[in-house]
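Remarks on the structure that follows.
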Amino acid sequence: MPRVVRALRVLAGAAFALQFVALDVVTRDADGGHPWRDLAVRLASALIGSAILLVATTRRRAAIVAVVTAIVFVVQVLVYRYYHAMLDVQVAATAIHAFRDVRPVLVRALPSLALGVAATAAVELALLE
């Protein structure tokens, strides 16, 4: 039985570490960029996710990591849903500049943001434990 539990923990850690890679694959345009650049971005996402796993050593740290990661993930998904682009410096600068137009969208998205963060953080915490 311990082998099965260990294998499930490894799979859960891999799922956690690769979530942003999966998000990138789903949201990146089909015409995309250069294949080597895409590979580098996905590799960097996987490495960052793996490094974050090293921080979640206690239940409290795992909860903090789960909430922060859930916020980043859900915000990325909602920005992509409303603006069909991933959140980056240019999108953030544009949103700040045109805040009068962005504010109603933010207010309308707040309930789904809160619900999405809560549900995603629960899944993230389950993956981390």
Side-chain angles (χ1 to χ4, degrees):
M1 187 69 171
R3 288 178 108 177
V4 172
V5 172
R6 206 170 330 141
L8 288 175
R9 285 184 181 222
V10 168
L11 287 174
F16 178 86
L18 297 175
Q19 65 184 316
F20 287 102
V21 174
L23 183 64
D24 184 59
V25 168
V26 170
T27 58
R28 180 100 26 209
D29 291 341
D31 58 359
H34 193 273
W36 288 107
R37 182 199 160 279
D38 291 345
L39 179 64
V41 167
R42 291 175 185 148
L43 181 60
S45 291
L47 289 173
I48 291 169
S50 299
I52 290 171
L53 278 174
L54 297 175
V55 173
T57 55
T58 65
R59 181 155 173 75
R60 182 177 179 180
R61 286 182 181 179
I64 292 168
V65 165
V67 170
V68 171
T69 307
I71 290 169
V72 172
F73 190 85
V74 171
V75 167
Q76 285 283 18
V77 168
L78 288 177
V79 167
Y80 187 79
R81 175 182 170 204
Y82 286 106
Y83 298 106
H84 305 289
M86 294 304 289
L87 182 61
D88 61 7
V89 174
Q90 183 178 359
V91 171
T94 303
I96 290 169
H97 181 72
F99 190 72
R100 186 176 300 153
D101 297 329
V102 173
R103 188 175 187 279
V105 175
L106 284 176
V107 170
R108 202 172 40 237
L110 209 52
S112 59
L113 175 68
L115 184 62
V117 167
T120 305
V123 172
E124 305 259 357
L125 188 57
L127 289 173
L128 289 171
E129 291 186 335

Query raised in the report: If you group Ile, Leu, Val, Met, Phe, Trp and Tyr by side-chain heavy-atom gaps below 4.5 Å, do L78 and V91 land in one group?
Result: yes

Report task. List the atom of A121, the atom of A66, and the distance in Å for their closest heavy-atom pair. Result -> O-CB, 3.7 Å

Report task. Please check if F73 and I52 belong to a single hydrophobic cluster, counting links between Ile, Leu, Val, Met, Phe, Trp and Tyr side chain heavy atoms closer than 4.5 Å. Result -> no

Query raised in the report: Is there side-chain contact between V5 and R9, with heavy atoms separated by less than 4.5 Å?
Result: yes

Query - hydrophobic_cluster_shared for V75 and V67, side chain cutoff 4.5 Å - result: yes

Report task. Answer whether the closest heavy-atom distance between the side chains of Y80 and L23 falls below 4.5 Å. Result -> no

Query raised in the report: Would a hydrophobic clustering, with Ile, Leu, Val, Met, Phe, Trp and Tyr connected at side-chain separations under 4.5 Å, put I48 with L127?
Result: yes

Report summary line: To the nearest 0.5 Å, atom OG1 of T69 lies from atom CD1 of I64 at 11.0 Å

Report summary line: Sorted by chain and number, sequence neighbours left out, side-chain hydrogen bond (donor to acceptor under 3.5 Å, both in side chains) with Q76 holds for none

Query raised in the report: With the 4.5 Å side-chain cut-off for hydrophobic clustering, are L18 and M86 part of the same group?
Result: no

**Report entry** side-chain contact (heavy atoms from CB on, under 4.5 Å) involving A17 - partner list, sequence neighbours excluded
**Finding:** S50, L53

Requested in this report: Heavy atoms only: give me the nearest R61-V55 pair and the separation to one decimal.
Outcome: CD-O, 3.2 Å

What side-chain donor-acceptor pairs closer than 3.5 Å can you find for residues 95-120, not counting sequence neighbours?
{"unit_1": "S112", "atom_1": "OG", "unit_2": "A109", "atom_2": "O", "d": "2.9"}
{"unit_1": "T120", "atom_1": "OG1", "unit_2": "G116", "atom_2": "O", "d": "2.7"}

Requested in this report: Identify the heavy atoms of A56 and A62 that sit nearest to each other, and give their distance.
Outcome: CB-CA, 3.8 Å

